[in-house]
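Structure record follows, encoded as structure tokens.
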Protein chains: 2
Amino acid sequence: MSTAPGDPTDELVTTVFARHCLSRSTLEDVAGKWGILALLALRESDFRFNALRRRVEGVSEKMLSQTLQTLERDGLVLREVRTTIPPRVEYSLTGLGAQVAHRLHGLADLLEESVPQVTEARRAYDARPVGTGSDPGGEQR
Amino acid sequence: MSTAPGDPTDELVTTVFARHCLSRSTLEDVAGKWGILALLALRESDFRFNALRRRVEGVSEKMLSQTLQTLERDGLVLREVRTTIPPRVEYSLTGLGAQVAHRLHGLADLLEESVPQVTEARRAYDARPVGTGSDPGGEQR
DNA sequence: CGGCATCCATCTCGATACTG
DNA sequence: CAGTATCGAGATGGATGCCG
């Protein structure tokens with residue numbers, strides 16, 4: 001009984017809802033506070049560490065480093081080191097990373113376009129007094 | 001100089017990288033640990049609170065409540081209350097929410113398919129000793 | 001330059017308890 | 001059933017110092 005009763009049964013059979021599924025942990029790695037932004041940035045071009053840090057406003061050295069390690073571990077980001085002085089480390093997307101980033105770009109794009117809608121929705125939400133009495137049915141049982 | 005030198009200049013002109021852009025805050029609302037899962041679940045069907053809670057494994061009452069409030073405020077989720085006894089609250093996607101959820105579904109789907117790749121990538125990453133000497137160029141400058 | 005290690009302030013999250 | 005309130009644990013993020 002893994003599907004809800006009356007489920008329209010679209011083709012979404014993923015198990016991201018499952019607690020310990022790897023796809024869910026990957027999803028969290030990607031979607032964490034900085035994962036999306038890092039992937040989107042790398043979609044524009046390869047970056048060296050500090051350049052990437054500048055591109056993603058507000059990220060700390062620590063969190064960017066940690067985020068990139070996670071993404072590298074998941075096989076989404078490639079890290080190339082040149083042990084020169086000064087060092088030079090280039091980050092880029094792997095094939096899989098590019099596919100993920102492509103999807104994220106679609107999402108970010110949509111949200112960008114929807115800024116006016118979201119702004120209005122927030123305004124309306126914040127403006128409403130208290131019990132917005134949406135109480136259509138009176139079935140008391 | 002908002003674009004990196006040598007930028008291929010694809011059409012991604014969003015400002016999600018900017019610290020205080022509304023699209024970025026919305027992105028964080030959506031992509032937070034539970035936002036994605038809630039939206040994906042609601043894509044399957046409408047849900048009442050506890051049913052949704054069961055669908056999204058591991059979410060606490062508090063976080064689900066908080067997540068839904070945020071999504072409602074952003075205009076992605078609709079909340080319908082029936083003040084009967086016992087109370088009955090239905091959650092569903094708005095038009096915008098459905099668009100967002102559609103994108104997220106694509107992402108989740110991709111990650112599902114990529115489970116083997118990610119598994120292997122993690123294994124390889126964890127197995128490697130230390131300095132995976134990728135040091136192609138010796139340009140010391 | 002590109003890190004990692006440590007300390008420390010803060011914020012988020014989750015379990016529990018309580019309300020309508 | 002559908003939440004809110006509270007509190008402790010852990011994650012997050014900044015500052016600083018060190019290393020290759």
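Naming: A, B, ... by sequence-line order, numbering from 1 per chain. Predicted, not measured: the structure shown is a model, and the values here were computed from it.
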Considering just the side-chain nitrogens and oxygens of [X], establish if one lies under 4.0 Å of OP1 or OP2 belonging to [N].
{"X": "A/Q66", "N": "D/dA11", "value": "no"}
{"X": "A/N50", "N": "C/dC1", "value": "no"}
{"X": "B/R54", "N": "D/dC1", "value": "no"}
{"X": "B/Y91", "N": "D/dC1", "value": "no"}
{"X": "B/R48", "N": "D/dA2", "value": "yes"}
{"X": "A/W34", "N": "D/dG13", "value": "yes"}
{"X": "A/R53", "N": "C/dC1", "value": "no"}
{"X": "A/S65", "N": "C/dC4", "value": "yes"}

Report summary line: Readout for nucleotides 15-20 of chain D: B = base within 4.0 Å of protein heavy atom, S = sugar-phosphate only, - = neither; 5' to 3' it is -----B
To the nearest angstrom, how far is [X] atom [atom1] from [N] atom [atom2]?
{"X": "B/I85", "N": "D/dA2", "atom1": "CD1", "atom2": "P", "value": "14 Å"}
{"X": "A/M63", "N": "D/dA11", "atom1": "CE", "atom2": "P", "value": "11 Å"}
{"X": "A/L64", "N": "C/dC4", "atom1": "CG", "atom2": "C1'", "value": "14 Å"}
{"X": "A/E80", "N": "C/dG2", "atom1": "CD", "atom2": "P", "value": "14 Å"}
{"X": "B/Q69", "N": "D/dA2", "atom1": "CD", "atom2": "C1'", "value": "12 Å"}
{"X": "B/R88", "N": "D/dG3", "atom1": "CZ", "atom2": "P", "value": "13 Å"}
{"X": "A/E28", "N": "D/dA11", "atom1": "CD", "atom2": "C1'", "value": "13 Å"}
{"X": "A/E90", "N": "C/dC1", "atom1": "CD", "atom2": "P", "value": "15 Å"}

Query raised in the report: How would you list, by chain and number, every residue that makes a side-chain hydrogen bond (donor to acceptor under 3.5 Å, both in side chains) with A/E72, sequence neighbours excluded?
Result: B/R128
Requested in this report: Can you sort out the partners of B/E90 under side-chain hydrogen bond (donor to acceptor under 3.5 Å, both in side chains), two or more places apart, ordered by chain and number?
Outcome: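 For B/E90, no residue satisfies side-chain hydrogen bond (donor to acceptor under 3.5 Å, both in side chains) once neighbours in sequence are set aside.
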Requested in this report: Map B/L68 and A/S60 onto DNA chain D by nearest heavy atom, then report which one ends up closer to the 5' terminus.
Outcome: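 Result: B/L68.
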Report summary line: residues 21-34 of chain B vs salt bridge (charged side-chain N to carboxylate O under 4.0 Å, His left out), sequence neighbours excluded, gives A/R122-B/D29, B/R24-B/E28
**Report entry** B/S60 side chain vs B/M63 backbone, donor-acceptor pair below 3.5 Å
**Finding:**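 Yes, the answer is positive, given that a donor and an acceptor are paired below the 3.5 Å cut-off.
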Query raised in the report: Do B/R43 side-chain atoms and B/A98 backbone N/O form a donor-acceptor pair below 3.5 Å?
Result: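 Flag not set: sc B/R43 to bb B/A98 has no pair under 3.5 Å.
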Query raised in the report: A/A51: what forms a side-chain contact (heavy atoms from CB on, under 4.5 Å) with it, not counting sequence neighbours?
Result: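 Partners of A/A51 under the side-chain contact (heavy atoms from CB on, under 4.5 Å) test: A/F47, A/R54.
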Requested in this report: Just jot down the salt bridge (charged side-chain N to carboxylate O under 4.0 Å, His left out) partners of A/R73, sequence neighbours excluded, or say none.
Outcome: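 For A/R73 the salt bridge (charged side-chain N to carboxylate O under 4.0 Å, His left out) partners, ignoring immediate neighbours, are B/D126.
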